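First comes the structure, then the notes that go with it.
Given the structure is predicted, the values throughout are model-derived calculations rather than measurements. Proteins get letters first, then strands, A, B, ... in listed order; numbering begins at 1 in each.
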Amino acid sequence: MSRYDPAEIEPKWQKAWEAAGCFTARHDPARPKYYVLEMFPYPSGRIHIGHVRNYTMGDVVARYKSSCGFSVLHPMGWDAFGMPAENAAMERGGHPKDWTYGNIAQMRDQMKPLGLSIDWSREFATCDPEYYGQQQSMFIDFMEKGLVYRKAAVVNWDPVDMTVLANEQVIDGKGWRSGAEVERRELTQWFFRISDFAGELLEALDGLKDWPEKVRLMQANWIGQSRGLQMAWHLTAPHAGMDRIEVYTTRPDTLMGASFLGISPDHPLARALEAERPEVAAFCAEARKGGTTEEAIETAEKLGFDTGLKVRHPVDPDCEIPVWIANFILMDYGTGAIFGCPGHDQRDHDFARKYGLPIIPAFKPRDKEVVSEEGERPDLLWHDGVGYASFDKGSGPSNPVAICIGSIPYIPWKIEVVEYLPNPFGLTTQTEHQPGPKKHLDMSAFSEATGDEAIDAAIAHAEAHGYGTGVTKYRLRDWGLSRQRYWGCPIPVVHCESCGVVPEKKENLPVRLPDDVSFEQPGNPLDRHPTWRDVPCPACGKPARRETDTMDTFVDSSWYYARFTAPHAKTPTDLAEAEYWMNVDQYIGGIEHAILHLLYSRFFARAMHICGHLPAKAVEPFDALFTQGMVTHEIFEEPYHIADGVERPGHSPINSDIPTRYRYRMPEEVVAFTYGDSRYALLRAEVEAAGVDRSDPENLINFQTSRPHTRIEVRPPAKMSKSKKNVVDPMDIIARYGADTARWFVMSDSPPERDVEWTAAGADATQKHLARVWRLAAEIDVRGGTDTAQDQALLKALHRTIADVTAGIEGFAFNKAVAKLYEFTNTFAKSDASAATKRVAMRTLAQLMSPMVPHLAEEVWTMTGGEGLVARAPWPKADPAMLVENTVTLPIQINGKRRAEIVVAKDLSPTEVEKIVLADEAVMKALAGAAPKKLIVVPGRIVNVVL
RNA sequence: GCCCGAGUGGCGGAAUGGUAGACGCAGCGGAUUCAAAAUCCGUCGCCGCAAGGCAUGCGAGUUCGAGUCUCGCCUCGGGCACCA
């Protein structure tokens, strides 16, 4: 061989690793273990470049740790249940199972040429009955321990297709296929009691030292611990057997600003009124329209309905305030009822202004003025009707102090120190005409209270006067796991008229999904499958019905890491194996999983421990977490429309009622280009058919201009996702350049935690570099240097590189490790050191490169006389003696600007440095004979002369 | 709307509060070659002939010194409980 030929060397070394069993995880009590895991993929059909990035990172860690002497577990599996398989069955026919296993086979074939150090003997898919049967067994254990229960919960309901929709299937509040306005509907569903663990899951975050701070923060916010006041507001007249409304608030200090009480449309009182009065029913129906996501609810127009009922203020029973039903109040949060304080809450403020409810301030900012109308205070600057006492010159407003929206006072929470006054703002007249409380909490002791102190004081007041209790609540809700879909793990219970809900007997597990199902109608085929659905009761034997809901796919991914420690055990886990391999030492995955997947896994590990499936040490299953950035790409949407029942390309004709529709196009299907400041895309097939010369954007824009109605929308880069079709197939890079080029390419340049927009430019250059390393190795004997005097310099650079690359890999700074390897390669190429030394240096370089480019590394290792496999060689150690520098270059700043530099002995005393600095030409010139005002010497780093 | 991030040359990016732009890509100039490919050498933030000045999304602040710390904005991305 006379050149670098990845097509020849890559399969060769992959066979060698396999023959040597390099990657088989061995339970070896004599050695420390290291478990590295990348979040397993959904088998969409083809790997994309994001997978290559993710799995190469894990592979670098796995290979590095293996070289460091650890017994490494590095497994791979498939998160194989979920909606895309059902969608494929609906669109193209076929069975989700065939589609899924076909995709798995394809993706495995695509991953293997990457040369990942994966123990494929542990591979499984979550849709394997062997796996989901163990999951069902654990579900029954969870039932026994009271970790699972049923209750009513809302789903997105498509009234035309008569089916439950996932949030993803709700687009602008409408069903994705039917286009019908989605409703919120209640169903009885299964729940895990994750909220019982809220406090523990929150506290344990502190122990996760090797998790990114931002992930811990996101989880803490998600769990959302709050200290607040729960209290009863009594109805002036009992209604439907209810005489009070329980309200929870995190802002009890604003109690005196209450001007209305709001309840959820699903509150028992609202339900009662709904049954009595058609206008309430009509309002509640309207309020239930739209999706169930928090985003949809928060951003929907605020709607309210005055029930006519009134409640008494807990502090001032003479004060009666109205009860409204409002669409932004969720039954799931708190008690499903709030008191509205429009003076200090933006949402309540908007609501009050819309419906003409009073806005009553409870406090004012200390030492700040309150103003009314825009224009009254010319010394203030105004922005959107809000006055600001100070403005920074330039862009935006800051320091909002004097607050007024229109003529209505409004104080946001940002102000830390507030002043609670018995009669804030002197609004006596206003309260006489409006139903605000006339008695006031005496908050004068807190005239300089911060928000938190005032909240504590208000809770203390409520408890002392017996109208409320301080409680700690969590935002975290129980985990609804029921899905009304086929392609998921069946919930192993049977509904019996006499026995109720009965778990399936464990010996009958797995409850297998039936194969004979059709997806021609919407909805869950299990519901329509009598021979699968109708079974005898496991307890009494009478005819009964299987549960037809399946489990959320998050359940599957909440314990796969534990299953990898004993993937074929006859129980969910094998405790001896779990004891050795757990925890996952390094978990790697996308930031998009920062909250749900990781929180569910943390809960599941605890539940598994309670049921005896995991040792106590594994309740936090992931010791260290790294969240890699996403690979993004532009999204292309092609317009089309349907006229007279026929699909036609392009936008619908102007002035027609026909809607323009869009479909996604893959990057490879379009020619994208920039013209002026805009991005354009054309269908590749059309450009090619028309024979347009693509080398000049001018031609492309002319082609576009000739057919404006077909303009493809180019959306900004977003996470690669199959549903948006903005995925790039890495297979052609691998086929053309080899796996090592693909691996080196994704590890260089971008820091792994950052998102990258994919661009293929540079793969050529990457391969050139690898070929250069190969050539440098091959040429050592032919053109080997002769100057042994240079040996020491080369070795010194080598040891510096060992230290830097090791630090880079340890710190997940792969791009910096790669940069150091480039640097050393340049040093090596220029060095005229002896052939013997060069051989040693090159062999070590191969080792340092081996986690990223393992095939090339083996080849170079062998060429330079390395024994055995690099994969088995111990990681090189930097000799501390070789890292010592004797001199250092100190930049000299004059007034903070660099003006000169000096080279001094590394340990020269500051006093000596000062002497040299003061004698420096540039410094003397700047000083012009005067003494410096100040002279700062930072040993080993910098000198600053202040004039 | 709420929570969490990110923003540095033409591009990807580097920089324990201490020389902004390591390293790579692209570009430009040169060597080699009949020519090209490949390879090698050099150059490369912006303005300026130069001295020098200006530069890390925008505006303030702290500091001898700020890409880095603080405050306020802007833009983009992720998550928001049934996408995985």
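Counting any heavy atom pair closer than 4.0 Å across all strands shown, A/Gln169 reaches no nucleic acid atom. In this structure, A/Pro41 reaches neither bases nor backbone, as no heavy-atom distance under 4.0 Å exists between it and the strands shown. Using a 4.0 Å heavy-atom criterion, one finds that A/His593 contacts the bases of the nucleic acid, with or without backbone contacts as well. As judged by a 4.0 angstrom heavy-atom cut-off over every strand, A/Val164 is placed among the base-contacting residues. At a threshold of 4.0 angstrom between heavy atoms, the contacts of A/Met630 are confined to the sugar-phosphate backbone, with no base atom among them. Among the atoms of the strands shown, none is found under 4.0 Å from any heavy atom of A/Gly590. Nucleic acid contact class of A/Phe328 (heavy atoms, under 4.0 Å, all strands): none. If you check every strand for non-hydrogen atoms under 4.0 Å, A/Thr632 touches nothing. A/Arg475 comes within contact range of at least one nucleobase, with a heavy-atom separation under 4.0 Å. Using a 4.0 Å heavy-atom cutoff across all strands shown, A/Leu935 reaches no nucleic acid atom at all.
The side-chain hydrogen bond (donor to acceptor under 3.5 Å, both in side chains) check on A/Arg184 picks up nothing, with sequence neighbours excluded. Partners of A/Arg46 according to the side-chain hydrogen bond (donor to acceptor under 3.5 Å, both in side chains) rule, which considers only residues two or more places apart in sequence or in another chain, are A/Asp729. With sequence neighbours excluded, the residues satisfying salt bridge (charged side-chain N to carboxylate O under 4.0 Å, His left out) with A/Lys354 are A/Glu301. Under the salt bridge (charged side-chain N to carboxylate O under 4.0 Å, His left out) criterion, A/Arg899 pairs with no residue, sequence neighbours left out. In terms of the salt bridge (charged side-chain N to carboxylate O under 4.0 Å, His left out) criterion, A/Glu183 has no residue partners (sequence neighbours excluded). Applying the salt bridge (charged side-chain N to carboxylate O under 4.0 Å, His left out) rule to A/Glu294 yields the partners A/Arg475; only residues at least two apart in sequence or on another chain are considered.
Distance check on atom P: B/A60 versus B/G48 gives 26 Å, rounded to whole Å. Taking atom C1' on both B/A66 and B/A55, the two are 14 Å apart, rounded to the nearest angstrom. Taking atom C1' in both B/U32 and B/A15, the straight-line distance is 38 Å, to the nearest Å. Rounded to whole Å, the separation between the C1' atoms of B/U16 and B/G12 comes to 24 Å. Rounded to a whole angstrom, the distance from the P atom of B/G10 to that of B/G57 is 13 Å. Look at the P atom in both B/G21 and B/A31: the space between them is 31 Å, to the nearest Å. Only the P atoms considered, B/U62 is 28 Å distant from B/U75, to the nearest whole Å. The same atom, P, is picked in B/U56 and in B/C69; the two are 15 Å apart, to the nearest Å.
For RNA chain B, each stem of at least three Watson-Crick or G-U pairs (distances under 3.5 Å) is given as range with range: B:1-7 with B:74-80, B:10-12 with B:23-25, B:27-31 with B:39-43, B:45-47 with B:52-54, B:57-61 with B:69-73.
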Taking protein heavy atoms under 4.0 Å as touching, what does nucleotides 1-8 of chain B look like 5' to 3' if B marks base contact, S marks sugar-phosphate-only contact and - marks none?
B-SSS-S-
What string of B, S and - do you get for nucleotides 16-31 of chain B, 5' to 3', when a contact is any protein heavy atom under 4.0 Å?
B-BB--BSSS------
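Base orientation for B/G9: syn, the chi torsion being within 90° of 0.
In the set B/C83, B/C64, B/G13, the nucleotide with an atom closest to the side chain of A/Met83 is B/C83. Side-chain atoms of A/Val155 lie closest to B/C82 of the nucleotides B/A81, B/C54, B/C82. Nearest nucleotide to the side chain of A/Ser750, out of B/G13, B/C80, B/C40: B/G13.
Rounded to whole angstrom, the span from the CD1 atom of A/Ile171 across to the C1' atom of B/C83 amounts to 11 Å. In this structure, A/Met107 places its CE atom 12 Å from C1' of B/A84, rounding to the nearest Å. Residue A/Phe745 contributes atom CZ, which lies 13 Å from atom C1' of B/G13 at whole-angstrom precision. In this structure, A/Lys830 atom NZ and B/U39 atom C1' are separated by 14 Å, rounded to whole Å. We find that CD of A/Gln219 is positioned 16 Å from P of B/A81, with the value rounded to whole Å. We find that CH2 of A/Trp487 is positioned 19 Å from P of B/C83, with the value rounded to whole Å. Summarising the geometry, the separation between CZ on A/Arg184 and C1' on B/A81 is reported as 14 Å, rounded to the nearest angstrom. Note: CZ (A/Arg477) to P (B/C82) measures 8 Å, nearest angstrom.
Proximity of a side-chain donor or acceptor of A/Gln628 to a complementary backbone N or O of A/Gly590 within less than 3.5 Å is detected. Judged by distance alone, with hydrogens and angles left aside, the side-chain atoms of A/Asn103 form a donor-acceptor pair with the main-chain N or O of A/Pro43 at under 3.5 Å. The backbone N or O of A/Ala166 lies less than 3.5 Å from a partner atom in the side chain of A/Gln169, making a donor-acceptor pair. For the pair A/Asn524 (side chain) and A/Thr548 (backbone), a donor-acceptor distance under 3.5 Å is present.
Between A/Trp487 and A/Phe81, the two ring planes are perpendicular [angle over 60°; tilted spans 30° to 60°]. The aromatic rings of A/His597 and A/His593 sit perpendicular, their planes meeting at an angle over 60°, well past the 30° parallel limit. Ring geometry, A/Phe40 versus A/Tyr560: the interplanar angle falls under 30°, so the pair is classed parallel (tilted spans 30 to 60°).
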Between the protein and nucleotides 67-69 of chain B, list the N/O to N/O atom pairs that are separated by less than 3.5 angstrom.
none

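The list of salt bridge (charged side-chain N to carboxylate O under 4.0 Å, His left out) pairs with a residue in residues 476-485 of chain A, not counting sequence neighbours, reads A/Asp332-A/Arg477, A/Arg483-A/Asp552.
The pair A/Arg800-A/Asp804 counts as a salt bridge, with a side-chain nitrogen and a carboxylate oxygen less than 4.0 angstrom apart.
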Donor-acceptor contacts under 3.5 Å from residues 816-826 of chain A side chains, at least two apart:
{"residue": "A/Tyr822", "atom": "OH", "partner": "A/Trp744", "partner atom": "NE1", "Å": "3.4"}
{"residue": "A/Thr825", "atom": "OG1", "partner": "A/Leu821", "partner atom": "O", "Å": "2.6"}
{"residue": "A/Asn826", "atom": "OD1", "partner": "A/Arg772", "partner atom": "NH1", "Å": "2.8"}

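Side-chain contact, A/Thr632 with A/Asp755: no donor N or O sits under 3.5 Å from an acceptor N or O.
Residues A/Tyr42 and A/Tyr600 both approach RNA chain B. Their nearest nucleotides, taken by heavy-atom distance, put A/Tyr600 toward the 5′ side.
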